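Worksheet: one structure, shown below.
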Amino acid sequence: MYAIVEIAGIQTKVESGKFFYTNKLSGNEGDAVEFANVLLTDDNGSLTVGAPFVDGVKVTGTIQGHAKGDKVIVFKKKRRKGYKKKNGHRQQYTKVLINTIG
C-alpha cells in the first residue's frame, strides 16, 4: 500500500514501513507527525483518488532526525563590470518514518 501526500506544496509518494526526506519540519527526533493532505491511495490495485483530498485517510509517522543536503554554490557574474558574487546554500531536511496509512 502506498499514498501520495502533499507536504508543504510538494507531492511525495510514501509507503508504510519506509522512510523519506522532506523539507525541515518543526519537531524533535521521536515526535509523531500526521499528514492529512492525502491525494491518492493504492491498496493492492484498488486506487482511490481524492478531489482534491481523500476523505478519512491520514498518514502518520515519526521523525527520525534532521539532516542537511549537499552544498550548492550560487555564483553570479557580469562580464567586464567587475561584479562577482559567490554564495553557498545547504537545504535542511527531515527524515520521516511512515508508520501507518489509513
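Worth knowing before you read on, the calculation uses all heavy atoms, side chains too, and leaves out hydrogens, waters and symmetry mates. On a predicted model such as this, the values are computed, not experimentally measured, just so you know.
Residue F75 belongs to no hydrophobic cluster, having no ILVMFWY side-chain heavy atom closer than 4.5 Å to its own. Think of V74 as one node in a network of Ile, Leu, Val, Met, Phe, Trp and Tyr side chains linked at under 4.5 Å; it has no links at all.
Under the salt bridge (Lys or Arg N to Asp or Glu O under 4.0 Å) criterion, no residue pair touches residues 42-51, with sequence neighbours excluded. Identified under the side chain to side chain donor-acceptor pair (under 3.5 Å) test for residues 65-77, with sequence neighbours left out: H66-T94. The stretch residues 81-102 participates, sequence neighbours left out, in no salt bridge (Lys or Arg N to Asp or Glu O under 4.0 Å) pair at all.
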Check: residues 12-22 side-chain donor-acceptor pairs under 3.5 Å, at least two apart:
from	atom 1	to	atom 2	distance (Å)
S16	OG	N99	O	3.1

Distance-only check: which donor-acceptor pairs under 3.5 Å involve side-chain atoms of residues 47-63, not counting sequence neighbours?
from	atom 1	to	atom 2	distance (Å)
K58	NZ	E34	OE2	3.4
T60	OG1	T100	OG1	2.5
T62	OG1	Q64	NE2	3.1

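For the side chain to side chain contact (heavy atoms under 4.5 Å, CB included) test, residues two or more places apart in sequence or in another chain that qualify with Q91 are N23, H89, Y93. Under the rule for a side chain to side chain donor-acceptor pair (under 3.5 Å), E29 has no partner lying at least two apart in sequence or in another chain.
V5 places none of its side-chain heavy atoms less than 4.5 Å from the side chain of L39.
By the rule that hydrophobic residues join a cluster once side-chain heavy atoms approach within less than 4.5 Å of another member, L40 and M1 end up as members of separate clusters. There is no path of hydrophobic side-chain contacts, each under 4.5 Å, that joins Y2 to V38. Under a hydrophobic-cluster definition in which Ile, Leu, Val, Met, Phe, Trp and Tyr are linked whenever side-chain heavy atoms come within less than 4.5 Å, directly or via other members, I101 and L97 are assigned to different clusters.
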